[in-house]
Amino acid sequence: MNKISKYLFTGIVAISITGCADLDLNPLSEGASENWYKDETEIEMSLNDLWRPDFFPIDAIDWDDDLLNRNGSNEITLGTVTSQWGTASSRWTSLYKSIARATKVIQALDNGTAIGVSEEKVKQYKGEAYFMMGFAYSELATYYGDCVLNKGMSLDEAYAAVRSPKNEVLAYAYECLDKAREYLPLSYSTQQRPTKGAALGFKARFALFHGDWQTAIDAAEECMNLGVYKLHNNYREMFMANSSSEFMFYFKGDLTLKKGYGFMENVRNFVIRKVGGHCNQGPSLELLCSYTCTDGLPIDKSPLYNPKDPFANRDPRMAMTIQPFKTKYSTDYAEYEQSKIDKTFPEKYPDYITLGYEYNPSPYANQVYEESTDKMVVNNDSKASNQHSAYQGLIIRKFVKDDWKDFNNYGLVADNCYPYLRYAEVLMTYIEAKNELGQCTQEDLDKSINLIRERAYRGSGIDYPRVEVASQEALRKIIRMDRRSEFAFEGLRYRDLLRWKIAEKSHNKSMYYLSRAWSGSASWNGLTGSESNIELSSDFSKLLKNWDDGNFPIGGIPTIDENGLPDLSPMETNGYITTFYKMSFDATKNYMWPIPANDILVNDNLTQNEGY
């Protein structure tokens, strides 16, 4: 029996739980599904097991253009996805498994199989089951398009199932999410469970993806009117918090269990080498160029942008996402350097310290300030003394907590909350859908994107650049750039690029890094010419000149297109950066994922997506 027959049509076919090779679908105490779901305990255990990323998949952050992965490219960035791709297969299977379980729960509650369940609990459990089904079908339609929709098939029909049109699948998904909204409570006082607001938030998310603008507006606005959620007071602190009124659906890591979520399953890839990290994945140069200046304008339009000091006069979210550093052209550079001599550095420049050490990627910086000793120590995160320092000169700051330096004690994981759905996304969904319908008013802007911008600038001493009514095209660019700034490294970017149909632009270009040249010795004295204690290569001397001339890390000002995408190719021509790998995207097929080959082999009525 194919996977769909096995996992989707469980009301007809008994599922062998022991046959699930890659996932423990049911709690350890659960028996065969035909004997399960008979009371409140068994139903709640079954539902509890659904609230994990196996059934709420997280898109990898190295699928998009916000991250440079020194380990290399992948099937998404290379455009080499096939019907044998493991992620497409496992996601398809897992989503149908979740539909199977949710269906069994609803059947048990509707036909009286479950005994002794209170009316209040019946309502909750049905709401949670419909929540799961609505999400799963929405996710399937998003990545695979047409897919099999079960509304009571016989066994023979299951074996010969065909894909239903995407619009029918979405209609049913919205119907399930509406039922979830009807049954679920506003909140819980204990563990996280699906809520009315989360059902509305996911409906808004998927409606936006599929261009169902009015549906997205209605769901988002209803969620906004619940009065349950609000923006976290501080943008950076939110990503280190254990909970937040902004988090609508999230996964919380656990150091004791050595469990992290998303990219925080292995933070060694992201932390500085000074604390034993590999620092082999970090923000892309494209992301660096995508944040606006404090006047709200892109860097190619703003008079405030100084390419010789890229962190100056920028949207505060940039320095809360990408670890900031000074250049010799920073207005306070002399004071910055002096503070390390008089040992006031931690007090005056705390934002330039990560995990106890100054971050300074200057190719001259053979030493950095160590907070615990107030001394200068060898810098492992600069080409001055380490050839494997961040290849693009940038490291992540968003999510980073002090205990990340202890990653070796906890199986490499971090225990941050992974915000799978947060209230800011609902606000951005609302304003984008409004703009796409040409209905955007100043009131709409002020209760959505301007709230998010105000939060970003809060405490900075700078008035936030209020977005005002403009043409649809102008607002579209602003909204797209703000989404990138707000949600970097949260698993939304890849999906945004797909739905905007601009992945053929973002993913048909180079990913850049700096010259691989380094001093050649961890004991280099940081001097040049006759004063240097070693002979420096011409390539490294060129990197030093780029720093001296203010062309680090990129040099110059890239143009930003109508979608907010920067063009860094002139910087490569000028010798400031170089291609690491070239991405590839085939617009005739890569906007959809393939149906898993194994399912098609078993059921030839399942058609394949074009190009696969």
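This chain uses plain numbering: 1 for the first residue, then up along the sequence. Worth saying up front: this structure is predicted, and the values here are computed from it rather than measured.
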(message) With a sphere of 6.0 Å drawn around NZ of Lys501, does it hold more than 12 non-hydrogen atoms of other residues, nucleotides or ligands?
(response)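 Yes.
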(request) Take atom CD of Gln439 as the centre, draw a 6.0 Å sphere, and report whether it contains more than 12 heavy atoms from other residues, nucleotides or ligands. (result)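 Yes - once you tally the heavy atoms of other residues, nucleotides and ligands closer than 6.0 Å, there are more than 12.
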With a 6.0 Å cut-off on the ring centroids, do [X] and [Y] count as close?
X	Y	value
Phe202	Phe131	yes
Phe263	Tyr418	no
Phe249	Phe56	yes

Tell me every residue that passes salt bridge (Lys or Arg N to Asp or Glu O under 4.0 Å) with [X], counting only those two or more places apart in sequence or in another chain.
X	result
Arg205	Glu425
Glu486	Arg317, Arg422, Arg455
Asp110	Lys126
Asp59	Arg91, Arg495

Go through the structure and list residues passing side-chain hydrogen bond (donor to acceptor under 3.5 Å, both in side chains) with [X], not counting sequence neighbours.
X	answer
His210	Thr142
Glu182	none
Asp604	none
Tyr591	Glu504

Would you compute the distance between atom [atom1] of [X] and atom [atom2] of [Y] and round it to the nearest 0.5 angstrom?
X	Y	atom1	atom2	answer
Met583	Ser73	CE	OG	10.0 Å
Ile106	Asn111	CD1	CG	11.5 Å
Leu568	Ser284	CG	OG	8.5 Å
Leu394	Leu68	CG	CG	9.0 Å
Ile395	Asn280	CD1	CG	12.5 Å
Phe399	Met264	CZ	CE	4.5 Å

Is the backbone of [Y] close enough, under 3.5 Å, to the side chain of [X] for a donor and an acceptor to pair up by distance?
X	Y	value
Ser90	Thr87	yes
Lys196	Arg181	yes
Tyr420	Pro53	no
Asp586	Gly79	no
Tyr96	Val148	yes

(request) Please report the closest heavy-atom contact between Ala488 and Tyr291, naming both atoms and the distance. (result)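 For Ala488 versus Tyr291, the nearest heavy atoms are CB-OH, 4.0 Å.
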(request) Before accepting this row, confirm whether a basic side-chain N of the pair Lys477/Glu473 lies closer than 4.0 Å to the acidic partner's carboxylate O. (result)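 Salt bridge absent between Lys477 and Glu473.
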(message) Does this structure show an ion pair linking Glu562 with Arg480, if we count only N-O contacts that are shorter than 4.0 Å?
(response)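 Between Arg480 and Glu562 there is no salt bridge, as every charged N stays at least 4.0 Å from the carboxylate O atoms.
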Side chain to side chain contact (heavy atoms under 4.5 Å, CB included) against [X], all qualifying residues, sequence neighbours excluded:
X	value
Ser506	Asp65, Leu497, Ala503, Leu565
Asn48	Glu44, Trp51, Gln191, Arg193
Glu572	Tyr512, Ile577, Thr578, Thr579
Thr215	Tyr174, Lys203, Ala207, Asp212

(message) Assess the residue pair Arg484 and Asn563 against the criterion (side chain to side chain donor-acceptor pair (under 3.5 Å)); give the C-alpha distance rounded to whole Å, side-chain angles, the decisive distance to 0.1 Å, and a yes or no.
(response) CA-CA 11 Å; Arg484 187 174 196 177; Asn563 296 299; over 6 Å; no
(message) With side chain to side chain donor-acceptor pair (under 3.5 Å) as the criterion, how do Ser164 and Tyr137 come out once you've worked through the C-alpha distance, each side chain's angles and the decisive distance to 0.1 Å?
(response) CA-CA 11 Å; Ser164 298; Tyr137 275 124; over 6 Å; no
(message) As a quick check of understanding, evaluate side chain to side chain donor-acceptor pair (under 3.5 Å) for Tyr430 and Asp444, giving each step before the final call.
(response) CA-CA 8 Å; Tyr430 173 81; Asp444 292 327; 2.7 Å; yes
(request) Could you check if a side-chain atom of Ile449 sits within less than 4.5 angstrom of a side-chain atom of Leu427, using non-hydrogen atoms only? (result)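 No, every pair of side-chain atoms sits at 4.5 Å or beyond.
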(message) Taking ring pair (Phe, Tyr, Trp, His ring centres under 6.0 Å) as the criterion, tell me which of Phe489, Tyr494, Tyr143 meets it with Trp63.
(response)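 Considering Phe489, Tyr494, Tyr143, a ring pair (Phe, Tyr, Trp, His ring centres under 6.0 Å) with Trp63 is found only for Tyr494.
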